[in-house]
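In what follows, a single structure is set out as structure tokens and then discussed.
None of the values given here were measured: they were computed from a predicted structure. Lettering of chains follows the sequences in order, A, B, ..., and the numbering in each one begins at 1.
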Amino acid sequence: MQTHQAKRVEITIEAIMQSRLTEALLKAEVTGFTVLPVLGGSGRSGAWTRAGEIGRASGMVQVICIIRPEKLDKLLEAAFSVVERHIGVVAIVDCEVLRAERF
Amino acid sequence: MQTHQAKRVEITIEAIMQSRLTEALLKAEVTGFTVLPVLGGSGRSGAWTRAGEIGRASGMVQVICIIRPEKLDKLLEAAFSVVERHIGVVAIVDCEVLRAERF
Amino acid sequence: MQTHQAKRVEITIEAIMQSRLTEALLKAEVTGFTVLPVLGGSGRSGAWTRAGEIGRASGMVQVICIIRPEKLDKLLEAAFSVVERHIGVVAIVDCEVLRAERF
Amino acid sequence: MDQILSLAATNLLSPIILSFALGLAAALARSDLSVPEAAAKALSIYLLFAIGFKGGVSVSAHGIDAKLGLTLVAGIVLSAVLPLIAFALLNVMTSLSRLDAAAVAAHYGSISIVTFVAATSVLESSGIASEGYMVAVAAAMEAPAILSALWLISRGGGNGQRMDSDLWREILLNGSIVLLVGSFFIGWATGEKGLEEISSFIVAPFKGVLCLFLLDMGLVAGRGLRERSDVLRPGVLAFGILMPVIGSLCGLGAGLLLGLSSGGVALMMVLSASASYIAVPAAMRVALPEANPSIYLTLSLGVTFPFNLTLGIPLYVALATAMTGA
Amino acid sequence: MDQILSLAATNLLSPIILSFALGLAAALARSDLSVPEAAAKALSIYLLFAIGFKGGVSVSAHGIDAKLGLTLVAGIVLSAVLPLIAFALLNVMTSLSRLDAAAVAAHYGSISIVTFVAATSVLESSGIASEGYMVAVAAAMEAPAILSALWLISRGGGNGQRMDSDLWREILLNGSIVLLVGSFFIGWATGEKGLEEISSFIVAPFKGVLCLFLLDMGLVAGRGLRERSDVLRPGVLAFGILMPVIGSLCGLGAGLLLGLSSGGVALMMVLSASASYIAVPAAMRVALPEANPSIYLTLSLGVTFPFNLTLGIPLYVALATAMTGA
Amino acid sequence: MDQILSLAATNLLSPIILSFALGLAAALARSDLSVPEAAAKALSIYLLFAIGFKGGVSVSAHGIDAKLGLTLVAGIVLSAVLPLIAFALLNVMTSLSRLDAAAVAAHYGSISIVTFVAATSVLESSGIASEGYMVAVAAAMEAPAILSALWLISRGGGNGQRMDSDLWREILLNGSIVLLVGSFFIGWATGEKGLEEISSFIVAPFKGVLCLFLLDMGLVAGRGLRERSDVLRPGVLAFGILMPVIGSLCGLGAGLLLGLSSGGVALMMVLSASASYIAVPAAMRVALPEANPSIYLTLSLGVTFPFNLTLGIPLYVALATAMTGA
Ligand SMILES: Nc1ncnc2c1ncn2[C@@H]1O[C@H](COP(=O)(O)O)[C@@H](O)[C@H]1O
Ligand SMILES: Nc1ncnc2c1ncn2[C@@H]1O[C@H](COP(=O)(O)O)[C@@H](O)[C@H]1O
Ligand SMILES: Nc1ncnc2c1ncn2[C@@H]1O[C@H](COP(=O)(O)O)[C@@H](O)[C@H]1O
Ligand code: NA
Ligand code: NA
Ligand code: NA
């Protein structure tokens, strides 16, 4: 089937920063994203898990954006402005998509 | 370690369409897939979140298939036949896998 | 923006093996990982879903590691030692990251 | 009139309604208050189980009414016919496309079980009895409206309908129908003795659980209004308030014809007036994916549900008691 | 015999069993009814906490029975020995591999706490008293069976066993054991006074919560049967019904030898008859990953659990009361 | 002194405290016992709704006290001032950076609602009355401490503060504040009549729910201690026990000045002594992301919370009753 080049950007970020990130993405003209829950993890700031937690200080989400390659830079700048002072991981992968008109 | 070429197909689709999609995948001889929950997202049809929802009309899942490259086309056709009239995103990435005999 | 080459390793593994896997990863000097919940799936050992389950025998998680390319082999060996006798899928993708100093 | 007002006032100041209002206000003010999805579903399972069980016990206590069959048929007919009225009204009052109008219409033929639950709780507080089998009528009214809507589309030459067997099963064996009908039969089979065993679970805390559930409904409705209220053009909005009133009058007619008790008539009105927001939206996403969900979700949950909850129910109860002379 | 039948009939028409049947039927009919995982876990935490606490309170009320220690030892021995019987039986009745047979056998030595809970609820309804410490016996019987199974494998030259310290900890400090034993001690320490403070939480709604939990168990069991019933060859199926009966007889012998009350004997039978579906399956996935989980999960949850719930418990209770002359 | 000891002993042997201890022990022993996140959140929603509602009902019953306004102001002042004391103390007792010290300080000005809930439950058991509006005071004390901490940082030339309007909204319309205040008003509006309708949901099972919630808190606190106890240098640890005592004395002074009832004084002490672990940590992650969360989370949840729960509350209650001569 006909596929089209795109980028898959996966931003793992603190849950409390999610709305700030998605607002920045929308301002950067990202047309869509998907948010995945995260159960736990580990990094320089130690290990954590959401089990039994009610507080919002710990816990992360993954925001996944599929975008046209030419929009990548704008997106990364927007994402970076939010994660800059915060913990979080941004990973970019080349991908192909169906229905390119959607992006 | 010895790795093998494969494709990672990630299909973000409405939760109500999940069983139809996975049936189509199994018919297309996909040997396995993994379903991830999705918390929320945004796209042309607006923003949504599952928080507090009991209805099944909104909400998506991600179906992830790792397959041998030669099976990709058949999988995409199967997936496309299901998502065609529906909202949803299909993203394909080149990957490498351990234990290729499993795919 | 300035990005750096890295590898994204996604290990889909039985939930009961999660702690053994992450311990092996930390021993293999992986600096971080993120654990995603999995709703269900299908493979050679049949289809499953977590809906309504209280037992821990079924059910998987996805452990995602972003690492420097040179650390890949050590990671794969660690992962393999854990998944060897168990069901599970390991998929490796080339990616780019911001803030390489973190990995 | 006085009765309506006092009933409405009592109703508006009940913890149930105020919990809904709290949720609505919190969501509109963009508070991060939220009920986890799993908890909301657990609450809805509890409510369906309890309401079905209690309906069954009541049937086991009073015996089957000769009218049960007729009432079920009336419910099914109402569910099938109301979408046609709704569709006609939408064509007159709004500029919605044929597809969107049919999808909206389906919702108004079907029912909202929480509205039904809230109404039974008002009846109980007012000491008005009703037929226990109205729960079964509620279940029977969930699906027919969907068929009417698909028929409206196919008649118009649309290619929306995809009534494969999967869809049939999903509609008829929809989780909430199965739980409602199943617990109805359990209640029927175990009767008062069964109720006694579990009444401190399904009767005593019922209203409190309903409060938390309505808090959640308010949060979801408020979020919907905040994000999608642009679809509420004046005509659409007016429909969302006019249609339940029309529906309730059809329910009133049916209830009186059937000779139901005043509580039964009131519940028939409530069922006809209420709009689905669980079964039908899901069926529409499968069968008519091109219809815009923002419209039907916002109308049903953001306009008609709050209207029924606050003003509709007291109005219907007052009318029903007035017309049955109770 | 009459008593068995009437007990079985009452049992079969209780809301608890009917809720299980509803779940089973819904899953087999492929309804989308489901209880969220988090809600199911919350229900199980509630049940474990309540049953442990009540057991502890009962011990605090009646003082420690001289038999407590002996009963614990008997439970541990039963849990360790029953897998050997099960293994022998599986070799005769089925063509399962040595590995699969050992894995299945482990389940039948261990116990199912919900079966225990359902049995206590039947005893209570029938006004039959039992020793409060049977909860502790239940906890003690969870793990020994696992060791027997691993021993069976290692004896056969298998390389399955990986009893690292992590696995030990997981088995012995398994969430349900810790919660059961912990709340048992809390109940013991706080006694009747503690119970009074929280009885409207852990006593009054208990049976109703059990209904919802069994609805969920029915859904999970039905789903398992729908998808994996091909593993249920006739011999395997027969084992799933014969083994609990054999187990119950061993439990009967032990209970009589120990001189337990009729309720205590019945519970000893139930524990011996029931098969684990939480602790042991998880341990098997870690220690014997090559054993096929479809077999042991389907047998334990899809065959033995429903058998015990519907026919087994009334049978065991009747036998226990008959043999203890109560 | 005797009274303190006996109160402490009763307190320590209550199911509530023992449930917390069970969770703590299970986590420290690395059991896999865990409460699902959704269930924990549902429990907290229940507790907030119930405690707010009951506070409102009590205000509706006793009328507004002339002191309500003053007590709110006192609470706000305490919340704003206590961080300054805490900050000074941290500078003396520990070697924490300015940033970390300010972040910790913010927690001690704000409050822990579960500590408050546990204290009301102790007061109730002891038959000591308190002002219903103390719930509103609790809500008012959540946020001011955050501003003080940000002011401490900005004064020191730090660039931490990012008080954008989003952050303001998040702090002030934080889910737990909204639910607490909202249900307080619902309770106030519906009064005794409203309470009657839902008391078998929010009153009867309250303590039992609190047990399960504290089990979960114990699990989370224990996990935190297991993984992050290295941040608990002696000075930091000592602060976590000294600061609540100092806070409680400030609360005692305020309560006596205001002329609150002995229960009211005790609650004022508890609020001042308790440290936030929900609202403030989240605000700190947004506003001061460079501050180390391990320190403030471990101190607040792992040290001060258990201290208050076990020893603090009986001490504060005893002091309050002694000083008010009740
Ligand atoms: N290399 C990594 N791969 C995947 N996820 C990571 C990685 N490093 C950090 N994370 C995630 O980001 C969180 C914060 O990381 P850190 O700032 O290093 O503590 C961790 O708890 C993980 O969930
Ligand atoms: N570019 C994208 N990247 C990631 N997810 C997307 C994207 N576009 C849409 N989605 C997901 O698909 C859903 C439906 O998209 P749409 O059909 O554009 O409304 C959204 O709510 C997102 O969850
Ligand atoms: N090709 C695949 N792509 C994605 N996930 C898979 C694949 N194969 C297996 N899985 C996941 O791994 C689990 C176990 O696989 P298996 O060992 O083949 O039964 C499945 O239930 C899926 O969740
Ligand atoms: Na209707
Ligand atoms: Na057994
Ligand atoms: Na404080």
Side-chain angles (χ1 to χ4, degrees), chain A residues 10-30 33-63 65 75-91, chain F residues 23 27 32-45 47-48 107 113-114 159-160 162 164 166-167 169-170 174-176 213 215-224 226-228 230-231 276-290 292-294 296-297 300-301:
Chain A
E10 174 182 291
I11 308 170
T12 308
I13 192 175
E14 289 176 90
I16 40 155
M17 299 304 291
Q18 177 187 325
S19 60
R20 285 176 177 79
L21 173 66
T22 55
E23 269 164 39
L25 292 179
L26 293 175
K27 268 191 207 137
E29 282 162 46
V30 165
F33 55 81
T34 292
V35 185
L36 303 186
V38 173
L39 279 185
S42 179
R44 295 164 312 148
S45 43
W48 61 276
T49 150
R50 281 303 296 169
E53 285 279 355
I54 52 165
R56 299 181 314 120
S58 66
M60 307 192 88
V61 293
Q62 266 196 359
V63 177
C65 301
L75 184 156
L76 290 184
E77 262 152 44
F80 189 71
S81 73
V82 176
V83 297
E84 198 181 353
R85 299 172 63 214
H86 288 266
I87 61 180
V89 177
V90 180
Chain F
D32 69 349
L33 180 59
S34 77
V35 176
E37 180 182 352
K41 282 187 178 159
L43 292 176
S44 81
I45 288 172
L47 292 175
L48 288 166
H107 290 70
I113 199 74
V114 184
N159 66 345
R162 286 209 298 203
D164 55 12
D166 275 5
L167 183 55
R169 202 194 46 248
E170 276 171 28
N174 166 336
S176 49
F213 188 69
L215 174 74
D216 177 58
M217 298 272 299
L219 288 166
V220 174
R223 208 194 303 138
R226 213 180 66 213
E227 276 168 24
R228 299 186 299 241
D230 51 315
V231 299
S276 172
Y277 60 86
I278 300 186
V280 179
M284 291 300 113
R285 288 309 300 149
V286 175
L288 301 178
E290 291 87 358
N292 181 355
S294 297
Y296 49 74
L297 285 174
S300 163
L301 191 56

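Chain F forms more heavy-atom pairs under 4.5 Å with one residue of A:Gly52, A:Ala47, A:Gly55 than with any other, namely A:Gly52.
Distance check: A:Leu36 CG to A:Thr12 OG1 gives 9.0 Å after rounding to the nearest 0.5 Å.
Between the F:Arg285 side chain and the A:Glu14 main chain, no donor and acceptor come within less than 3.5 Å of each other. A:Thr22 places a side-chain N or O within 3.5 Å of a backbone atom of A:Ser19 that can act as its donor or acceptor partner. Formation of a donor-acceptor pair under 3.5 Å by the A:Arg85 side chain with backbone atoms of F:Pro289 is not found in this model.
Heavy atoms of A:Thr49 lying under 4.5 Å from chain F belong to its backbone as well as its side chain. With a 4.5 Å cut-off on non-hydrogen atoms, F:Arg228 does not touch chain A at all. Proximity to chain F (any heavy atom under 4.5 Å) is shown, for A:Glu53, by both the backbone and the side chain. With a 4.5 Å cut-off on non-hydrogen atoms, F:Tyr296 does not touch chain A at all.
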Using atom types as modelled, flag every donor-acceptor pair under 3.5 Å from a side chain in residues 35-43 of chain F to any protein atom, sequence neighbours excluded.
{"residue": "F:Glu37", "atom": "OE1", "partner": "A:Arg50", "partner atom": "NE", "Å": "3.4"}
{"residue": "F:Glu37", "atom": "OE2", "partner": "A:Arg50", "partner atom": "NE", "Å": "3.0"}
{"residue": "F:Glu37", "atom": "OE2", "partner": "A:Arg50", "partner atom": "NH2", "Å": "2.9"}
{"residue": "F:Glu37", "atom": "OE2", "partner": "F:Lys41", "partner atom": "NZ", "Å": "3.1"}

